[in-house]
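Just below is one structure, and these are the notes that go with it.
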Amino acid sequence: MDSRVTVFLIVMLLAVLRGLMQRSQVRKEMEERRLRGPRLSKGRPITSRRDPIVGQKNDHHEDADD
């Protein structure tokens, strides 16, 4: 075989192996996320909210100058 064909086949084989490794890694990560439950990437639950809702009237926090 020509050396170019050999190099091409080796590069293609490495690309296929890399793709298979990434695929198995993605499957592993998906399984881990499924076991942990629905959460954000930072590890906080989705339902936690720290900021006030925009447009909501806040009756108990009035100006301190009054």
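Being a predicted model, the structure only gives us computed values, none of them experimental.
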_Within this structure, what is the CE-CG distance for the pair M12 and L9, rounded to the nearest 0.5 Å?_
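One gets 9.0 Å once the value is rounded to the nearest 0.5 Å.
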*Kindly indicate, with the supporting measurements, whether the criterion salt bridge (charged side-chain N to carboxylate O under 4.0 Å, His left out) is fulfilled by E31 and R34.*
CA-CA 5 Å; E31 180 68 20; R34 186 182 66 81; 2.7 Å; yes
*Using the side chain to side chain contact (heavy atoms under 4.5 Å, CB included) rule, pick out the option among V7, L13, L14 that qualifies with V11.*
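Checked V7, L13, L14 against V11; only one passes side chain to side chain contact (heavy atoms under 4.5 Å, CB included): V7.
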*Residues forming a side chain to side chain contact (heavy atoms under 4.5 Å, CB included) with Q22, sequence neighbours excluded*: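 Side chain to side chain contact (heavy atoms under 4.5 Å, CB included) check on Q22 returns R18.
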